[in-house]
Amino acid sequence: MNDNIPNMDYDADEVIENFKAKFKWPANDDVEVIVRPPKLGVKIVLSLLITIIGGGVIYYLNIPALNPKSTDAYTFIISLIVIFFAALYLLIGARTKVERREYFKKKSVIPVIMVAVLVVVMAVGYLAGCTLFRARSYSELMPVSDSSFSEDFADIKYDEVPRLDAATSKVLADQQLGSLSEYKSQYVVSSTSTQINYKGKPVRVAYLEYADVFKWFNNTKNGLPAYMLIDVVSQKVNVVNCVERFGEGIKYSPTELFNEKLLRHLRFQYPTAIMDTPNFEIDDNAHPYWITPVLDRTIGLFGGTDIKGVIITDALNGESNYYSIDTVRNNKKLNWIDVVYSDNILIQQYNYYGKLSHGFWNSIIFQNDVNIASDGNGFIAMDDDVWVYTGVTSSESDSSNFGFILCNQRTKETRYYKNGGAMEASAQESAEDAVQNYGYRAIFPILLDIEGQPTYFMSLYGDSGTVKGYALVNLEDKTVVGTGLLDTEKSDAKALNAAVENYINALKDKGVVDEDANADEYKVDEGGSQKPSADAKPTAPADSKEEAKSVTGAITDIKTSVNDGNTVYYIQVDGKYYYIKVTDCMDVLLLKKGDKVSVTYSKADDSKFIPATNVEKA
């Protein structure tokens with residue numbers, strides 16, 4: 001072949017690809033040109049406006065405390081940074097234009113550094129307050145002093161012991177609210193209540209909540225009209241009508257929305273306060289208030305939670321005042337306040353004391369003298385204050401307690417008692433075993449001094465949530481049990497007396513007390529503390545000798561009330577009301593207005609209310 005003839009041995013596709021490669025536009029990652037977006041100043045201002053609006057919405061909904069000791073503050077700041085740069089990213093067109101995306105990447109170094117600094121501050125603050133390094137500081141949060149059981153409990157009267165817990169109190173409050181037509185379907189009783197001392201008596205107070213958002217729209221203008229006052233000894237429930245008594249309803253509460261929502265209302269007044277859950281309380285004039293503890297982090301940045309003061313808020317008009325914790329403890333005008341320290345904070349601080357007094361590693365490895373509060377707690381009224389009671393056991397969750405503590409919810413004073421024995425859960429099981437044929441359950445017990453013996457006292461309740469009897473269980477020997485039931489004794493006072501008599505007899509049988517121990521010293525005077533409510537007359541005595549009478553007619557009206565933990569039906573026949581407890585005649589639950597019934601009674605008088613012994617359809 002002639003050398004002047006070119007070599008035609010090549011691939012045309014290869015030539016074309018080589019040609020295209022010379023003119024190929026570089027990939028996005030290869031672009032290094034950074035273009036400043038046009039009208040950048042305007043877009044920054046718009047991003048700031050979006051951040052202000054978005055941050056305002058977040059602040060209004062989450063109401064974080066603007067306090068360096070609150071993790072919510074750091075979360076809020078980080079969210080503002082994210083909102084600002086997300087808005088700027090979209091406004092400058094970085095999502096669609098590569099050169100502007102590169103500009104945003106260069107400028108995003110600053111917010112990344114800001115977020116990193118905040119995270120580092122939080123991490124350092126957490127480590128500075130970690131129990132690993134600050135065990136001694138945690139163990140000193142709560143001062144604990146030894147005390148004498150026989151001396152401190154000598155003045156606690158048997159007939160003044162609370163017989164209801166939070167759950168059984170709510171059942172009675174629900175029943176009472178349901179019997180009031182003016183409140184029916186509009187409100188419900190709050191699931192939380194506060195045990196306080198009111199005029200020397202232990203009671204629980206519970207606020208109302210709107211049944212749903214539509215009921216809120218219908219009633220929020222006038223606020224919540226009333227609150228529930230439950231006497232945990234007599235088991236009487238009163239509905240305190242704030243509108244009638246004080247001229248206005250409760251305008252600020254956790255159940256409100258928008259600016260009347262309690263924590264939001266307080267946040268606008270105290271933007272830096274770290275607030276605990278508010279407690280609903282009343283003063284000696286039954287005026288409702290919200291007591292909101294203000295928290296402090298005393299160890300590191302986030303550790304060692306304690307109370308430094310309280311905000312007292314008038315539930316009717318929302319006026320608030322802040323008082324330091326020392327003022328609350330020492331100012332006699334504020335003695336009506338009972339709950340400043342929640343049971344959760346008190347038990348947490350005691351656990352720090354019991355676990356960390358000898359150092360962090362001792363609590364993990366050696367565990368010398370390590371102890372913790374047992375599961376559950378109760379409340380005792382003593383020295384005109386409310387005290388949290390709980391047992392003390394080992395960290396290995398033994399089956400017994402080696403002592404118990406009382407913690408004052410107003411002052412944080414804590415007393416330790418070296419009285420060991422059965423754990424509260426074991427005592428509850430013993431009480432329930434004694435009445436297992438009834439299937440009753442026991443509330444969390446509290447301790448009493450019966451014949452010098454530390455004794456668990458607890459109420460027994462049935463499926464309806466109402467009290468059905470009482471039980472006493474010896475602390476040192478849980479097989480020593482005494483019970484008294486309303487089903488057999490027919491009255492609350494007699495059930496209490498039966499429980500203490502059976503208990504002391506059991507102590508005698510075991511040789512724990514002398515034969516001359518007298519149960520009469522502890523029995524309840526039926527004409528004393530167990531007074532009938534103002535709304536109802538007492539039921540007819542079981543041993544009445546009067547001849548039984550009856551009346552037959554149509555029911556023209558039916559009303560109900562809760563007395564001594566029992567639902568009472570008032571049935572109007574021929575212009576008079578005949579009343580009977582549900583526990584004495586279950587058939588009344590099936591009656592309705594217009595039914596023809598035969599009412600049996602044993603006492604006739606001129607009063608409008610007559611006790612009945614039986615009601616049945618005619």
Side-chain angles (χ1 to χ4, degrees), residues 157-179 189 193 195 201-204 206 228-238 376 378-381 424 427-446 448 455-473 481-503 522-524 526 528-533 536 538-539 560-569 580-584 586:
K157 297 180 180 179
Y158 178 68
D159 60 350
E160 295 179 356
V161 176
R163 302 167 197 174
L164 302 174
D165 59 7
T168 51
S169 295
K170 186 179 186 308
V171 170
L172 294 187
D174 285 337
Q175 292 174 352
Q176 183 66 21
L177 185 67
S179 68
V189 180
S193 61
Q195 182 165 321
K201 295 182 178 180
V203 301
R204 279 190 173 272
M228 312 299 290
L229 180 65
I230 308 107
D231 190 321
V232 296
V233 176
S234 69
Q235 303 168 51
K236 303 292 194 304
V237 181
N238 292 320
F379 301 91
I380 295 177
E424 296 86 353
Q428 288 174 277
E429 291 174 357
S430 293
E432 291 168 359
D433 287 344
V435 293
Q436 59 182 322
N437 54 315
Y438 291 93
Y440 296 155
R441 296 181 297 279
I443 67 172
F444 189 88
I446 57 176
L448 295 175
T455 302
Y456 285 121
F457 170 85
M458 63 203 86
S459 298
L460 303 170
Y461 63 97
D463 293 335
S464 64
T466 55
V467 174
K468 295 296 184 180
Y470 304 98
L472 296 168
V473 178
V481 182
T483 62
L485 303 179
L486 275 71
D487 292 330
T488 56
E489 302 300 331
K490 301 303 181 183
S491 80
D492 193 79
K494 288 181 180 179
L496 276 170
N497 293 338
V500 70
E501 185 170 0
N502 292 334
Y503 175 68
Y522 303 95
K523 288 185 177 180
V524 176
E526 293 188 52
S529 61
Q530 296 300 308
K531 296 179 180 179
S533 69
T539 54
T560 62
S561 70
V562 179
N563 301 317
D564 291 336
N566 295 287
T567 301
V568 179
Y569 269 72
I580 189 169
K581 292 189 294 185
V582 171
T583 53
D584 294 334
M586 296 293 290

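Predicted model, so just to flag it, every value in this text is computed and none were measured.
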Worked check of side-chain contact (heavy atoms from CB on, under 4.5 Å) between Val467 and Gln235: CA-CA 9 Å; Val467 174; Gln235 303 168 51; 3.6 Å; yes
Counterpart residues, side chain to side chain donor-acceptor pair (under 3.5 Å), relative to Gln428 (two or more places apart):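 Per chain and number, Gln428 pairs via side chain to side chain donor-acceptor pair (under 3.5 Å) with no residue.
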Contacts of Tyr522 that satisfy side chain to side chain donor-acceptor pair (under 3.5 Å) - sequence neighbours left out: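 Testing Tyr522 for side chain to side chain donor-acceptor pair (under 3.5 Å), a comparison that skips the adjacent residues, returns Glu451.
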Identify the two heavy atoms, one from [X] and one from [Y], that lie closest to each other, and give their separation to 0.1 Å.
| X | Y | result |
| --- | --- | --- |
| Gln175 | Ser464 | NE2-O, 4.5 Å |
| Ala431 | Ala442 | CB-CB, 4.5 Å |
| Leu485 | Ala495 | C-CB, 3.9 Å |

Distance from [X] atom [atom1] to [Y] atom [atom2], nearest 0.5 Å?
| X | Y | atom1 | atom2 | answer |
| --- | --- | --- | --- | --- |
| Lys170 | Asp165 | NZ | CG | 13.0 Å |
| Leu460 | Thr168 | CG | OG1 | 11.5 Å |
| Leu229 | Ser193 | CG | OG | 11.0 Å |

Student check: side-chain heavy atoms of [X] and [Y] closer than 4.5 Å:
| X | Y | result |
| --- | --- | --- |
| Asp492 | Arg163 | yes |
| Pro162 | Ile446 | yes |
| Val233 | Pro202 | yes |
| Tyr461 | Ile443 | yes |
| Arg441 | Asp463 | yes |

Neighbour count >12 (heavy atoms, 6.0 Å) for atom NZ, Lys523: yes
Arg204, Gln195, Met228 screened by side chain to side chain contact (heavy atoms under 4.5 Å, CB included) with Ser169, the one that passes: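 Running side chain to side chain contact (heavy atoms under 4.5 Å, CB included) over Arg204, Gln195, Met228 with Ser169 returns exactly one hit, Arg204.
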Candidates Leu472, Val435, Val473 - the one meeting side chain to side chain contact (heavy atoms under 4.5 Å, CB included) with Thr483: Val435
Qualifying residues under ring pair (Phe, Tyr, Trp, His ring centres under 6.0 Å), relative to Tyr470, sequence neighbours excluded: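 With sequence neighbours excluded, Tyr470 shows a ring pair (Phe, Tyr, Trp, His ring centres under 6.0 Å) to Phe457, given in chain and number order.
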